[in-house]
**Q** 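Take a look at the following structure, please.
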Amino acid sequence: MAHWSHVLLVALALTLVAHEAAASIAAEENVQEDAQALMRRLLASAQSAVPEASAAAPAAEVAGVAPETPVVVLGPFNRTELLLNPGLLRVRTSGCAHIVSQGFRAAVPDSFLGLSLDVKDVEGVANPDYIELVKQLTSFQTGPLYMRVGAYSADRLVAPWNGTVYFALARLHRATGVKFIMGVNQHAEDEAVTQMQVKRSQQLLPPGSIVSFAVGNEPDMYSLAAANGLPGSDLPKPADWLGKNWVPVARRIYRAAFDAAGARPMLAGPDWSDAHLSPKTLQWWLRSVRKSLNMITVHYYGGEILKDTQISELLDDARMVSKMSNVRALVNVGKESGGLPLRITESATISYGGVQGLSDTAGAAIWALDVALELAYAGASGIHFHQVLNRAGNANYNAIVYDANTSTVYARPPLYGYLMLQQSLAGGADIVGRSVSPSGCKVWLLKGRGDGSLRAVVINKSGQGSECAADVQLDAAQARRYSDQAAAEYIHAPGGLDERWRVFYSNWYYDVQGSARLREAKTVPLQRYSKRDRRGHVRGAGFVAHLTNGTLAALVNIPLASPAEQQAFDAYEAALVAAEVREPGARTSL
């Protein structure tokens, strides 16, 4: 079998790009067309030589192919170029340059990724494979993972939770550091029930493991009647309950929970069913419960159970942004109310358990990745992807499935999206820009707070058969600051967005049962290209990621240059200056 570095890059073509400062845009396009024709011939001649065993992995390059002058290969249609300059991010999509952000930075908080669990069969979280999958999610120094526990079932429970629930949660906490937002009842309108649940959780869970108590679940749905074949609310309230009773009831129940929690502000709410909660309604509710809160919570679902049938519908960028257009307003209400953070404590592609063939696909993985970054960009402090561990059948949107009848666990495609999110936020990160082309090529640009690295998350929302290319360009000062070597992680699905089984993360994939990763992880190395003036001075540099053939997302990590790299850069520039002093006006070649 050929060595990894000698295998053709098919699905994730990551190539060098050279730009001459004096070249015109028209000449550049001609060079690109010639280079693309060359690459197509190389791909056609070399694909047959790729060993069958490595066909599923989008691997790297052909030895001896690279010419002395780097080949120019950019996405011919979905090209997105990022130009990172001090305080200015420019993007060129399909040849049109425009400003995306100027001096913008969104600091993504620690513990941004969370999970949400219904209380049914929650003992599955103590399964060793479940614990191992959570450990993998928490291995990137992004802070403890927050798990919201209870949801709908907790808000209908009027008895104490079974002791096995607390045992399982305590075991998960000790093994992984997970912390909990514990659901307690509001629906019963009984202060004693709520207080009993708060006190029992504090008694049976390890000290420091509870972040907050979520009082109630979707009070705006308490009066929901069955319609169009969908179930309504269990024990429905009168139709006018929300307008007449919600705030007075909340005042009583939140006060009871506050007292049971030791008069500490560690409650969460209102747990609204979507992100379109009116800011005025939120302010009205906050006036009655503000002093007991440590966060504001709402839910976010990407689509509708009776309308959406394809994951591509949920990935439409304009629709996604429109559905969360109110989030920033809610974030601002929280800031004005003493700095309360807003968390999305329940999220999935489609409610009512999701849709098979949509919620459990590779497309759902990049949907989760993109939605999470959009919400962080809007100022949310976290997102919890919902899971239902139900003996009668797990939800279609579950990233982690637990079969209570056989005590087995396995991963589904959305988990790959959670992993790339965590990896993009490793050690803490800030969002410094975003761009999307009309054809669905999207780029998020982040900067690591801990290591200073530059990270580009490239998402191909058009899926199979389409191409998506991103060119991250640096100015001269940044070319000195960052390394000339980068690496890309990637999510690859041969069947595109609708793929349910053959999904790969940088070559490896999860076993059909358990938490084991099969095959070795193999990132794709990227070599930097440079832009030089006529005298040879470096005026810029960059990295190109080109996604094709079922590669749906890539995470390009550009580390800071080592001292040796910076010294080499300085020595090169100093040699040019010295040569210019000896021969003024001469074109220098080193």
**Q** Return the set of residues passing ring-ring contact (aromatic ring centres under 6.0 Å, His included) with Tyr418 (not counting sequence neighbours), or none when no residue passes.
**A** Phe385
**Q** Counting only heavy atoms from other residues, nucleotides and ligands, does the tally under 6.0 Å from CD of Gln283 exceed 12?
**A** yes
**Q** Go through Gln136 and Arg517 one step at a time and tell me if the side-chain hydrogen bond (donor to acceptor under 3.5 Å, both in side chains) criterion holds.
**A** CA-CA 11 Å; Gln136 292 173 19; Arg517 296 179 175 185; 3.3 Å; yes
**Q** So, do Ile459 and Cys468 sit near enough that their side-chain heavy atoms are less than 4.5 Å apart?
**A** no
**Q** Salt bridge (charged side-chain N to carboxylate O under 4.0 Å, His left out): which pairs involve residues 260-276, sequence neighbours left out?
**A** Arg148-Asp271
**Q** Identify the two heavy atoms, one from Gln195 and one from Asp259, that lie closest to each other, and give their separation to 0.1 Å.
**A** NE2-CB, 4.0 Å
**Q** Is it true that the NZ or CZ of Arg156 lies under 6.0 Å from the centre of Tyr152's six-membered ring and within 45 degrees of the ring axis?
**A** yes
**Q** Determine whether a donor-acceptor pair (N or O, by modelled atom type, separation under 3.5 Å) exists between the side chain of Asp370 and the backbone of Leu315.
**A** no
**Q** Does the pair Asp430/Lys447 count as a salt bridge with the N-to-O cut at 4.0 Å?
**A** no
**Q** Indicate whether the side chain of Asp498 and that of Thr361 have a donor and an acceptor atom separated by less than 3.5 Å.
**A** no
**Q** Are any of the side-chain heavy atoms of Ile131 and Arg171 separated by less than 4.5 Å?
**A** yes
**Q** Does His384 form a side chain to side chain contact (heavy atoms under 4.5 Å, CB included) with Ile181? I'd like the steps, not just the answer.
**A** CA-CA 11 Å; His384 298 248; Ile181 300 173; 3.8 Å; yes
**Q** Can you tell me how far the CG atom of Leu242 sits from the CG atom of Leu224, to the nearest 0.5 Å?
**A** 12.0 Å
**Q** Assess, by modelled atom type and distance only, whether the side chains of Glu374 and Tyr300 contain a donor and an acceptor separated by less than 3.5 Å.
**A** no
**Q** How far apart are the C-alpha atoms of Asp155 and Tyr222, what are their side-chain angles, what is the distance that settles it, and do they pass the side-chain hydrogen bond (donor to acceptor under 3.5 Å, both in side chains) test?
**A** CA-CA 10 Å; Asp155 198 24; Tyr222 281 1; 2.5 Å; yes
**Q** Please round to the nearest 0.5 Å and tell me the distance separating atom CG of Leu267 and atom CZ of Arg255.
**A** 11.5 Å
**Q** To the nearest 0.5 Å, what is the distance between OG (Ser233) and CD (Glu218)?
**A** 9.5 Å
**Q** Taking all heavy atoms of Met182 and all of Ser201, pick out the closest pair and write down the distance.
**A** CE-OG, 3.8 Å
**Q** At their closest point, which heavy atom of Thr176 faces which heavy atom of Thr138, and how far apart are they?
**A** O-OG1, 4.3 Å
**Q** Quick one: do Asp316 and Lys323 satisfy salt bridge (charged side-chain N to carboxylate O under 4.0 Å, His left out)? Show the steps, please.
**A** CA-CA 11 Å; Asp316 179 81; Lys323 281 185 68 69; over 6 Å; no
**Q** Are Thr164 and Glu123 linked by a side-chain donor-acceptor pair shorter than 3.5 Å?
**A** no
**Q** Are Met295 and Leu340 side-chain neighbours, meaning at least one heavy-atom pair lies under 4.5 Å?
**A** no
**Q** What I want to check is whether the side chains of Tyr301 and Glu346 have a donor and an acceptor closer together than 3.5 Å.
**A** yes
**Q** Quick check for you: to the nearest 0.5 Å, what is the distance between Asn162 atom CG and Phe167 atom CZ?
**A** 12.0 Å
**Q** Run the side-chain hydrogen bond (donor to acceptor under 3.5 Å, both in side chains) test on Asn396 and Ser359 for me, step by step, so that the C-alpha distance in whole Å, both residues' side-chain angles and the decisive distance to 0.1 Å come before the verdict.
**A** CA-CA 6 Å; Asn396 289 310; Ser359 302; over 6 Å; no
**Q** Where the side chain of Asp403 meets the backbone of Asn405, is there a donor-acceptor pair that is under 3.5 Å apart?
**A** yes
**Q** Can you name the nearest heavy-atom pair linking Leu172 to Phe180, along with the distance?
**A** CD2-CE2, 4.3 Å
**Q** Classify the ring geometry between Trp284 and Trp246 as parallel (under 30°), tilted (30 to 60°) or perpendicular (over 60°).
**A** perpendicular
**Q** What's the separation between atom CG in Asn217 and atom CH2 in Trp272, rounded to the nearest 0.5 Å?
**A** 12.0 Å
**Q** Go through the steps to decide whether Asp317 and Lys442 satisfy the test side chain to side chain contact (heavy atoms under 4.5 Å, CB included), and finish with yes or no.
**A** CA-CA 9 Å; Asp317 206 74; Lys442 189 168 186 178; 2.6 Å; yes
**Q** Would you say Val215 and Val289 make side-chain contact, with heavy atoms under 4.5 Å?
**A** no
**Q** Locate the shortest heavy-atom distance separating Trp508 from Arg519; write the atom from each residue and the value.
**A** CB-O, 3.3 Å
**Q** Go through Val327 and Leu342 one step at a time and tell me if the side chain to side chain contact (heavy atoms under 4.5 Å, CB included) criterion holds.
**A** CA-CA 9 Å; Val327 169; Leu342 175 82; 3.9 Å; yes
**Q** Within the distance-only criterion (no hydrogens, no angle test), does the side chain of Thr142 pair as donor or acceptor with the backbone N or O of Ala426 below 3.5 angstrom?
**A** no
**Q** Below 4.5 Å, heavy atoms only, C-beta onward: do Lys135 and Glu132 meet side chain to side chain?
**A** yes
**Q** Could you check Ser424 against Val457 for side chain to side chain contact (heavy atoms under 4.5 Å, CB included), going step by step and ending with a plain yes or no?
**A** CA-CA 7 Å; Ser424 72; Val457 178; 3.8 Å; yes
**Q** Please report the interatomic distance CG(Leu446) to CZ(Arg449), rounded to the nearest 0.5 Å.
**A** 10.0 Å
**Q** Backbone N or O of Ser515 within a donor-acceptor pair of the Asp129 side chain at under 3.5 Å?
**A** yes
**Q** Please report the C-alpha distance between Lys237 and Glu189 in whole Å, then the side-chain angles of each, then the deciding distance to 0.1 Å, and finally whether the salt bridge (charged side-chain N to carboxylate O under 4.0 Å, His left out) criterion is met.
**A** CA-CA 11 Å; Lys237 302 286 188 183; Glu189 303 182 23; 2.7 Å; yes
**Q** Does the side chain of Pro414 reach to within under 4.5 Å of the side chain of Trp367, using non-hydrogen atoms?
**A** no
**Q** Does Val409 reach the side chain of Leu133, with side-chain heavy atoms less than 4.5 Å apart?
**A** yes
**Q** For Ile350, is there any backbone N or O sitting under 3.5 Å from a side-chain donor or acceptor partner on Asp308?
**A** no
**Q** Fit a plane to each ring of His386 and Tyr397, take the angle between them on a 0 to 90° scale, and name the class: parallel (under 30°), tilted (30 to 60°) or perpendicular (over 60°).
**A** tilted
**Q** Please check if the side chain of Asn185 supplies one atom and the backbone of Ala188 the other of a donor-acceptor pair under 3.5 Å.
**A** yes
**Q** For side-chain hydrogen bond (donor to acceptor under 3.5 Å, both in side chains), just list the numbers for Tyr352 and Glu304, CA-CA rounded to whole Å, side-chain angles, deciding distance to a tenth of an Å, and then say yes or no.
**A** CA-CA 9 Å; Tyr352 291 96; Glu304 299 181 36; over 6 Å; no
**Q** Any idea which heavy atoms bring Leu552 and Leu547 closest together, and the distance?
**A** C-CD2, 3.9 Å
**Q** Is the NZ or CZ atom of Arg434 positioned over Tyr377's six-membered ring, under 6.0 angstrom from the centre and within 45° of the axis?
**A** yes
**Q** Is the closest basic N to carboxylate O distance between Arg455 and Glu489 below 4.0 Å?
**A** no
**Q** Measuring only between side-chain heavy atoms, which start at C-beta, is Pro236 closer than 4.5 Å to Ser223?
**A** no
**Q** Between the side chain of Asn460 and the main-chain N/O of Ala554, is any donor-acceptor distance below 3.5 Å?
**A** no
**Q** Quick check: does any side chain N or O of Ser337 sit under 3.5 Å from a backbone N or O of Val333, one acting as donor and the other as acceptor?
**A** yes
